[in-house]
*Asks:* 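Below is a structure I'd like to ask you about.
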There are 2 protein chains.
Amino acid sequence: MLTNRQLQILKVIVDDFILTAQPVGSRYISKKETVDYSPATIRNEMADLEEMGFLEKLHSSSGRAPSEKGYRFYVDHLLSPSTLSSREKNLIRESFGKKTLEFEQVVEKSAGILSDLTNYTSIILGPEVFETRLKQIQITPLSHEKAVAVLVTNTGHVEHRVFSTPVEIKATDLEKMVNILNERLKGVALIEVPERLNREIFSLLKEHAEHFNDAFMYLRAALANDNSAKLYVGGKTNILMQPEFKDIDRIRSIMSMIEEEKDIASLLKTSDKGIQTMIGHENPFIALQHCSIITANYYLGNQQVGTLALLGPTRMEYNRVVTLVEELSRHMTETFREWY
Amino acid sequence: MLTNRQLQILKVIVDDFILTAQPVGSRYISKKETVDYSPATIRNEMADLEEMGFLEKLHSSSGRAPSEKGYRFYVDHLLSPSTLSSREKNLIRESFGKKTLEFEQVVEKSAGILSDLTNYTSIILGPEVFETRLKQIQITPLSHEKAVAVLVTNTGHVEHRVFSTPVEIKATDLEKMVNILNERLKGVALIEVPERLNREIFSLLKEHAEHFNDAFMYLRAALANDNSAKLYVGGKTNILMQPEFKDIDRIRSIMSMIEEEKDIASLLKTSDKGIQTMIGHENPFIALQHCSIITANYYLGNQQVGTLALLGPTRMEYNRVVTLVEELSRHMTETFREWY
DNA sequence: TTTAGCACTCGGAACCAATGAGTGCTAACA
DNA sequence: TGTTAGCACTCATTGGTTCCGAGTGCTAAA
């Protein structure tokens with residue numbers, strides 16, 4: 001168990017290292033107003049804290065920096081919940097004040113705010129599109145061989161797919177087909193659409209007209225879901241400003257990872273609910289071993305869930321950032337609640 | 001005017017510097033099989049070439065590197081049109097062989113190929129969406145206060161806008177409204193839609209029902225065009241692998257520029273037709289002063305034009321890259337020709 | 001006109017000493 | 001017994017020096 005003095009010293013070190021990215025020395029700590037011990041005493045405590053694994057030295061005669069365990073302890077026990085500055089409050093209120101009516105616009109804007117306010121990289125995982133429910137389907141012929149199917153879901157999300165059509169299809173037939181599709185698919189989750197097509201609608205269409213066959217095949221192929229939840233990323237270049245990432249190789253691996261989307265998406269998808277922090281190696285990717293990730297969830301109505309995340313160096317301004325992420329996720333949820 | 005020998009030496013230097021990023025010395029050149037002069041002779045020629053501004057030294061006793069003027073001369077007069085390697089050919093053929101039916105997919109894939117094959121960053125400017133013509137408009141109510149308008153254009157592009165609706169609107173009324181819109185707007189360029197709405201349709205709708213007013217206002221606002229042509233970027237992280245960009249600040253300014261989209265888009269939009277190269281300071285942006293940009297156009301059918309570009313260091317593999325860009329733009333144009 | 005030879009330049013690597021920030025340990029002190 | 005002053009020690013950093021080598025420019029000879 002840590003003594004009060006150790007807690008105090010640990011907190012000072014983490015706070016200071018987060019600010020300066022420089023290892024913290026005993027003399028420096030003892031000069032702080034809030035601290036009243038001599039450098040020697042502090043050195044003793046620091047040695048103890050290091051032994052316990054909360055601190056580490058870069059080399060034998062450097063000051064101490066927090067270890068990952070140190071950050072973890074700091075986040076779990078020493079975080080003083082900060083209040084937002086008026087600037088932050090204003091920026092958020094302003095952005096959510098405007099009636100931006102598109103889901104994507106809200107999310108994009110949120111990503112922007114988050115990265116601007118923190119100087120880290122924000123990543124927002126959109127909700128699973130394929131769990132939203134079909135509101136309307138429309139097919140518009142483009143040329144004699146092609147048509148585009150437009151799916152509107154209950155969240156106002158629009159998916160579209162171009163597909164081939166046999167030449168022979170007539171406008172009236174097409175209309176019939178669309179009517180059937182609408183009748184049968186309204187309210188169905190997008191993810192279930194392909195199955196429904198196979199199970200019910202195929203035979204139904206067959207009864208009505210022979211040459212729907214081909215068109216249907218293509219449509220079905222076009223609607224096979226790719227199941228990729230979209231990532232909205234803000235402040236990609238912010239990483240470049242962190243002193244711990246002056247090494248090009250590190251940057252490259254992080255950036256490629258964000259670019260790839262796949263791994264990050266799955267990471268966010270499987271993250272636990274509520275505010276979560278992953279510090280350094282707590283996340284499974286080597287590329288992110290010097291990064292921390294803070295995640296929170298937001299909700300669309302009742303069930304639909306998305307995740308917003310903030311990616312920065314392990315030396316992250318946890319207290320400020322945690323409240324910011326929390327606040328923002330709340331605002332998003334609230335905004336969406338009004339909609340659905 | 002340059003002598004043959006000077007041409008030869010200049011070519012060797014540029015070729016070699018492009019390959020190695022190291023200044024080229026006289027001794028090294030004289031050892032090349034294709035060169036039969038002593039280092040001293042070559043030194044004389046190099047001094048002349050430097051005087052003429054085609055070469056420059058990093059410091060007094062370094063070898064020579066091409067100046068921007070040198071690259072320009074190289075591109076204009078010394079480029080030996082290279083043929084694609086079989087690997088390149090295969091990759092391209094393979095990608096365009098698949099019937100990807102979405103415009104965006106083709107473009108995205110093209111950007112991917114281009115950046116993969118070159119290890120530079122590819123940027124493709126989509127055609128002006130707002131010059132495509134409306135094929136169909138559809139309005140789907142989402143809740144009692146909101147609806148989404150979906151616009152399908154002749155190119156298969158789909159735009160959608162969420163907008164507020166007054167509560168009172170009835171399904172039959174909405175249908176009437178959509179019918180009028182379709183009737184009046186079919187074939188109209190997207191960019192002209194807002195104006196048409198104001199000029200013709202507003203009064204028309206007014207005759208039909210009083211409370212369309214509000215809905216119409218919102219719809220009109222929603223359709224006000226944002227007029228941004230989309231950028232498709234491939235291989236953003238490729239810049240990080242170029243040795244001339246090991247300086248973080250340089251990378252940051254380039255990356256922010258790409259991220260911004262605005263400047264790059266306008267640059268590409270105003271670029272001349274055909275294959276163009278901009279070397280170093282030939283482009284107007286300080287952030288890109290150490291970059292070269294190669295642009296080519298592609299066409300959708302007859303009028304619609306987009307631009308594809310490749311962004312790399314001034315020390316670019318011009319000959320390979322130029323043919324690649326050319327080839328790819330041709331493939332894109334051809335693919336699209338089949339569609340429209 | 002070309003080339004061999006030579007003096008010269010400059011960046012980069014290696015080495016060294018000095019500096020200073022920081023530590024650990026011990027002994028004295030309250 | 002906990003705290004602190006003192007001191008020896010460590011190590012990264014900085015600046016200075018030297019040396020090396022790649023490359024040049026110039027001159028004189030072929």
Side-chain angles (χ1 to χ4, degrees), chain A residues 1-10 12-17 19-67 70 243-244 246-247, chain B residues 1-10 12-17 19-67 70 243-244 246-247:
Chain A
M1 206 39 227
L2 295 183
T3 66
N4 265 345
R5 193 163 66 187
Q6 284 171 332
L7 291 178
Q8 189 189 6
I9 291 175
L10 180 57
V12 170
I13 292 176
V14 177
D15 279 338
D16 204 77
F17 188 79
L19 219 66
T20 65
Q22 297 299 324
V24 187
S26 56
R27 208 179 101 89
Y28 178 86
I29 297 176
S30 96
K31 274 192 179 162
K32 289 236 154 184
E33 296 166 359
T34 51
V35 178
D36 227 19
Y37 308 98
S38 76
T41 312
I42 292 168
R43 276 204 292 282
N44 282 329
E45 298 290 21
M46 281 162 94
D48 286 349
L49 284 168
E50 185 176 356
E51 224 162 61
M52 289 185 270
F54 294 114
L55 299 178
E56 49 192 27
K57 284 189 283 194
L58 307 192
H59 56 89
S60 77
S61 73
S62 79
R64 264 39 174 237
S67 64
E244 36 268 273
K246 60 184 188 310
D247 176 23
Chain B
M1 207 40 229
L2 296 183
T3 66
N4 267 344
R5 194 164 66 191
Q6 285 171 332
L7 291 179
Q8 189 190 5
I9 291 175
L10 181 56
V12 170
I13 292 176
V14 177
D15 280 336
D16 204 77
F17 188 79
L19 219 66
T20 65
Q22 298 299 325
V24 187
S26 56
R27 209 178 101 90
Y28 178 86
I29 297 176
S30 95
K31 275 193 178 162
K32 288 238 155 182
E33 296 166 0
T34 51
V35 178
D36 225 21
Y37 310 98
S38 75
T41 312
I42 293 169
R43 276 205 292 282
N44 282 328
E45 298 290 23
M46 283 163 92
D48 287 348
L49 284 168
E50 184 176 357
E51 223 162 61
M52 289 186 271
F54 294 113
L55 299 178
E56 49 193 28
K57 284 189 283 194
L58 308 190
H59 56 89
S60 79
S61 73
S62 78
R64 264 40 174 237
S67 65
E244 36 266 275
K246 59 186 190 310
D247 176 23

*Asks:* Quick one: do Glu56(B) and Arg64(B) make a salt bridge, cutoff under 4.0 Å?
*Replies:*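 No, no charged N to carboxylate O under 4.0 Å.
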
*Asks:* To the nearest 0.5 Å, what is the distance between NZ (Lys32(B)) and CZ (Arg27(B))?
*Replies:*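 These two atoms lie 14.5 Å from each other.
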
*Asks:* Choose from dA22(D), dG25(D), dG22(C) the nucleotide whose nearest atom is closest to any side-chain atom of Ser61(A).
*Replies:*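 Among dA22(D), dG25(D), dG22(C), the one nearest the side chain of Ser61(A) is dG22(C).
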
*Asks:* Mapping Asn44(A) and Gly25(B) to their closest nucleotides on DNA chain D, which lands nearer the 5' end?
*Replies:*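 The residue closer to the strand's 5' end, by nearest nucleotide, is Asn44(A).
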
*Asks:* If you measure from CG on Asn4(A) to CE on Met1(A), what distance do you get to the nearest 0.5 Å?
*Replies:*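 Rounded to the nearest 0.5 Å, the CG-CE separation comes out at 9.0 Å.
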
*Asks:* Take atom CG of Asp48(A) and atom C1' of dT23(C), then tell me their distance rounded to the nearest Å.
*Replies:*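 Atom-to-atom, Asp48(A) to dT23(C), this comes out as 14 Å.
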
*Asks:* So, Gln8(A) side chain and Thr34(A) main chain: donor-acceptor pair closer than 3.5 Å or not?
*Replies:*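 Confirmed, Gln8(A) side chain pairs with Thr34(A) backbone.
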
*Asks:* Figure out the CZ/C1' separation between Arg43(A) and dA21(C), and round it to whole Å.
*Replies:*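 Taking CZ of Arg43(A) and C1' of dA21(C), I get 11 Å after rounding.
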
*Asks:* In terms of side-chain heavy atoms of Arg64(A), which of dG25(D), dT2(C), dT23(C) is nearest?
*Replies:*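 It is dT23(C).
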
*Asks:* Rounded to the Å, how far apart are Ile9(B) CD1 and dT2(C) C1'?
*Replies:*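 Rounded to whole Å, this separation is 13 Å.
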
*Asks:* Taking only N and O in the side chain of Arg27(B), is any of them less than 4.0 Å away from OP1 or OP2 of dT24(D)?
*Replies:*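 It does not, given that no N or O in the side chain of Arg27(B) lies less than 4.0 Å from OP1 or OP2 of dT24(D).
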
*Asks:* Measure from CE on Met46(B) to P on dA22(D) and round the result to the nearest Å.
*Replies:*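 From Met46(B) CE to dA22(D) P: 15 Å.
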
*Asks:* Does a nitrogen or oxygen in the side chain of Ser26(B) sit under 4.0 Å from OP1 or OP2 of dT24(D)?
*Replies:*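 Yes.
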
*Asks:* Between C1' on dC8(C) and NE2 on His59(B), what's the gap in Å once rounded to a whole number?
*Replies:*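 Answer to the nearest Å: 14 Å.
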
*Asks:* Give Ser60(A) one of three labels, base, sugar-phosphate or nothing, depending on what nucleic acid heavy atoms sit under 4.0 Å from its own.
*Replies:*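 Here Ser60(A) touches the backbone only, sparing every base.
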
*Asks:* Between P on dG22(C) and CZ on Phe17(A), what's the gap in Å once rounded to a whole number?
*Replies:*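 In whole Å, dG22(C) P and Phe17(A) CZ are 13 Å from each other.
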
*Asks:* Picking from dT4(D), dT23(C), dA4(C), which would you name as closest to the side chain of Ser38(A)?
*Replies:*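 So the side chain of Ser38(A) is nearest to dT4(D).
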
*Asks:* Does Lys57(A) place a side-chain N or O at less than 4.0 Å from the phosphate oxygens OP1/OP2 of dA12(D)?
*Replies:*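 No, Lys57(A) has no side-chain N/O under 4.0 Å of OP1/OP2 on dA12(D).
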
*Asks:* With respect to Ile42(A), which candidate in Ile13(A), Val24(A), Val12(A), Val35(A) satisfies the side chain to side chain contact (heavy atoms under 4.5 Å, CB included) definition?
*Replies:*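 The residue from Ile13(A), Val24(A), Val12(A), Val35(A) that satisfies side chain to side chain contact (heavy atoms under 4.5 Å, CB included) with Ile42(A) turns out to be Val35(A).
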
*Asks:* Under 4.0 Å between a side-chain N/O of Thr41(B) and OP1 or OP2 of dT2(C), yes or no?
*Replies:*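 No, no such contact exists.
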
*Asks:* For Leu58(A) and dA21(C), what is the distance between atoms CG and P respectively, to the nearest whole Å?
*Replies:*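 Result: 17 Å.
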
*Asks:* Whole Å only: how far is the CD atom of Glu50(B) from the P atom of dC26(D)?
*Replies:*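 One finds 11 Å between P of dC26(D) and CD of Glu50(B), rounded.
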
